[in-house]
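Chain naming here is simple, since letters A, B, ... match the order of the sequence lines and numbering starts at 1 in each.
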Amino acid sequence: MTVHISTLNDRTTVPENSKSSLNTQEFFINMGPQHPSTHGVLRLVLKMDGETIREVIPVLGYIHRSIEKICEHNTYRQIVHLTDRMDYLSAVMNNWAVSMAVEKAAQIELTDRIEYIRTILAEMQRLQSHQLWWGVTGMDLGAFTPFLYGFRDREMLTDIFEETMGARLTLNYIQPAGLMFDIHPDFVKKTKDYLKYFKPKLEEYEALLSANPIFQQRLRDVGILDREKAVSLGATGPVLRACGIPYDLRRVEPYGVYEKVSFKIAVGSVGDCWDRYSVRMEEMRQSIQIIEQLIDNIPEGKFITKKPAAKITIPEGRYYSQMETARGVLGVLIVSTGKEKPYRFHLRSPNFNNLWTITQMAPGSRLGDLVAMVSTLDLVIPDMDR
Amino acid sequence: MGLVAQMDQISGGSFILTRMDEVINWARANSLWPLVFGTSCCAIEMMMATGAARHDLARFGAEVVRPSPRQADLLILAGTIVKRMAPRLRTLYEQMAEPRYVIATGACTISGGPFVYNSYTTIRGADQIIPVDIYVPGCPPRPESLLYGILALQKMIKSGESLREPGIRKKPVVSELPPGVKLEDITLELRQILGDEGITNIPEEIARREWSTGL
Ligand code: SF4
C-alpha cells in the first residue's frame, strides 16, 4: 500500500484547470504567523477565489517549545510549572489536570479544603479567561471599548490571584498532593466583593456588545459548524457545546466538588459564531453561581497532604485523566516505568482539536468572516504547539 | 558625512550640531512607535502594559502600536522564540526603518527561560538572532517592568547617538552603576557566591533541605 503525504507545496500549487466561474484564478494568501487577529503565531494558508475562501490550511509549529520532551526529564512536581506556559489563560486548570493525573496514579489522598479551593480557583480562572476572550473578540470585530472593559475587570481578578499565589499570569499554584500555599486571609471577602461588582458589569457587557446589531450581524449564521463534524474532529468545550451537545466533563465525569454544586450547562443550537459567543457569556454567569455556592463553605483542613520534599513515584503503567479547561478537554497521559520521572508524557490540548474545525466552517465564506470564526474559537496557540 | 564636514567649517557649527543632536534624540525618544511581537504568555502582560485598562503607554509617547514593521522603530519581543520562528523574526527586524530599537521582555527572550534545558527547539535568547537594547526580566514581567524598560530605552536614546558618531548607543543600565563599581566586579561576586554554595546535585539538595510548609 502506498501512502501519499501531501506537503504544503503540493497543496498550494494552483492547477491549470482550476474550476471557477468567470475568468478568474484561484490564489493563495498567508494569514500569519505574525498577524494581529490570529492571537499569536498561528499561520493560516488560505486558498481564495476572489473574496471567497475555498480552503484553509493551518500551519503550526511557530511556537513549538517541546514541552512534552522537557517533561520526560523532570520530576512530577517540576512538570506542573511547565503547564502554566501552555494555555496561560487557564493556568490553574492546567496545573490541576496534571496534578490530578499524578494524584490518581500515585493514589494520594486529598482533603476537602484542597478540593474546594481548587474548584473555586478554576471557576475564577474560567471567568477571567472568558473576560479576556470577550474583550479581544470585540476588538477583532472592530469595537475597541470591550477590550478596555474586559481587561479592567480581568485585572481586578488578577489582583486577587496575586495576593494568594504571588503571580499574575503563570500561577503555579496547584501541585500534586495539594496547593503551594494556603489562601490569603482576605481571599474570601475580596472574591465576594468582586462578584458583587462584576454581576451588574456582565449585564453591561450584554448591553454594550451583544445588543449591538452590527456585531450580531457579523456573528449570526457565520461559521456554522456541523454537529457530526464537530464530534469527529474532536472539538470540545464551548465550541462543541455551541453545536447543541451538552458535553461538559464537570457534569459527565465530575471531579473536585462539582458534584455538590448545581449549575447549568450552556448549549447552543445552530453552532454558528453567535452561539459560541452566547455559550461563553452564559458560562460566565454559571461560573459566578458556582463560586457563590462554594465560597462561604470552604472547610478547614490541611492545604497539602504530602511534604513538598517527598518523592512522588508512580507505579509502572499508563494513566490517563482529563478535565474541562476554559477551552475544552485537556487530557494528560502518563506512561510510567516506576521512576520519579515519566517515561512519556503526552498532553491532549483542547485548542489543537478546536482549530481544525476551521477547515470545515471557513470554506465558502468571506475573508472578513474568518476573523470572526478565529476569535470565537478562542484559540491559544502555545497550547496547540506545546 | 557631508553635513558634519560642512558644519565644522562655519563658525559655531559644532555648537549647532550638538544642539541638533539633542533635538533629534529628544524627538526620537518621545515618539517611539512599537511593533509588538507577542508569541506566547508574555504577550498577555504586554497587552496589559501597552493598550489595556490599567496602564497607559501613551504617557511615554509610545502608544501608536503598529502591526507593520515598516512603520515601527521599536520592536517589543514578548514570548519564546523557537527555531521555526527565528528567520521570520530576523526578517521583521530587517524590515524596520533605522534607527531601530529592540526590547526583550521575559526570561524566554533573554535566555530561553523555563525552556533552556532539554528543549530541542527553543532559541536561547533573542540576542542570538538580533541585537537587543533593553532586557526586561520576569516570567512574565509585570506591566510596570515593561514601562520601566521603555523609560530606560528613552534615557538611552537621549544620551545616545549623535550626528558625529551614528550607531553609538550608551546603555543606561551600565552607566547608572554606583561610582567605583564595575560590571566585572558584580559578575565575579556572583560566581563566588555560586561556587561557595557548591550546589551541583539539585534533587539531593531538595531532599536534604528543610521546607517550611506548616505541616
Ligand atoms: S518568559 Fe515566561 S511568561 Fe514569558 S513567554 Fe517565556 S515562559 Fe512565557
Participant: Aromatic contact between B/Y120 and A/H64, with the criterion being ring centroids under 6.0 Å apart: yes or no?
Facilitator: yes
Participant: In terms of heavy-atom proximity below 4.5 Å to chain B, should A/L82 be classed as side chain, backbone, both, or neither?
Facilitator: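 A/L82 touches chain B through side-chain heavy atoms alone.
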Participant: Using a 4.5 Å cut-off on heavy atoms from C-beta on, say whether the side chain of B/R54 contacts that of A/T158.
Facilitator: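 In short, these two side chains do not touch, never coming nearer than 4.5 Å.
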Participant: Can you see which heavy atom on A/S66 is nearest to which on B/T121, and at what distance?
Facilitator: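 A/S66 and B/T121 have their closest heavy atoms at OG-OG1, 3.5 Å.
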Participant: Can any side-chain N or O of B/R84 pair as donor or acceptor with the backbone N or O of A/L60 at less than 3.5 Å?
Facilitator: yes
Participant: Heavy-atom distances under 4.5 Å only: say whether A/R85 touches chain B with side chain, backbone, both or neither.
Facilitator: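 Contact with chain B: backbone and side chain both.
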Participant: What part of B/L89 gets within 4.5 angstrom of chain A, counting heavy atoms only: side chain, backbone, both, or neither?
Facilitator: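 Contact with chain A involves no heavy atom of B/L89 at all.
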Participant: Which atoms of A/L179 come close to chain B, meaning under 4.5 Å heavy atom to heavy atom: side chain ones, backbone ones, both, or neither?
Facilitator: neither
Participant: Which bit of A/E68 comes within less than 4.5 Å of chain B, counting heavy atoms only: side chain, backbone, both or neither?
Facilitator: neither
Participant: Quick one: of A/M86, A/R154, A/R168, A/K69, who has the most non-hydrogen atom pairs under 4.5 Å with chain B?
Facilitator: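 Highest number of heavy-atom pairs under 4.5 Å: A/R168.
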Participant: With only heavy atoms counted, which part of B/I123 is less than 4.5 Å from chain A, the side chain, the backbone, both or neither?
Facilitator: neither
Participant: Report which part of B/Y117 has an atom under 4.5 Å of a heavy atom belonging to chain A: side chain, backbone, both, or neither.
Facilitator: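 Contact with chain A is through the backbone of B/Y117 alone.
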Participant: With chain B as the partner, which of A/E155, A/H81, A/R152 has the greatest number of non-hydrogen pairs under 4.5 Å?
Facilitator: A/E155
Participant: Are more than 12 heavy atoms from other residues, nucleotides or ligands located less than 6.0 Å from atom CD of B/E94?
Facilitator: yes
Participant: Under 4.5 Å from any heavy atom of chain B, what part of A/Y62 do you find: side chain, backbone, both or neither?
Facilitator: both
Participant: For A/Y149, which atoms come within 4.5 Å of any heavy atom of chain B: side chain, backbone, both, or neither?
Facilitator: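 Contact with chain B is absent: no heavy atom of A/Y149 under 4.5 Å.
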Participant: Counting heavy-atom pairs closer than 4.5 Å to chain A, which one of B/V36, B/T122, B/T39 comes out on top?
Facilitator: B/T39
Participant: Say you draw a straight line from CG of B/N118 to CD of A/E72; how long is it, rounded to the nearest 0.5 Å?
Facilitator: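 Going from the CG atom of B/N118 to the CD atom of A/E72 covers 9.5 Å.
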Participant: When only pairs under 4.5 Å are counted, which of A/N74, A/L169, A/L89, A/D84 shares the most heavy-atom pairs with chain B?
Facilitator: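 Maximum pair count with chain B is reached by A/L169.
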Participant: With heavy-atom distances below 4.5 Å as the criterion, would you say the side chains of A/R65 and B/V82 are in contact?
Facilitator: yes
Participant: Please identify which of these residues, A/I63, A/V41, A/D385, meets the side chain to side chain contact (heavy atoms under 4.5 Å, CB included) condition with B/S40.
Facilitator: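 Answer to the side chain to side chain contact (heavy atoms under 4.5 Å, CB included) test with B/S40 among A/I63, A/V41, A/D385: A/I63.
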Participant: For B/S119 and A/I70, which heavy atoms make the closest approach, and how far apart are they?
Facilitator: CB-CD1, 3.8 Å
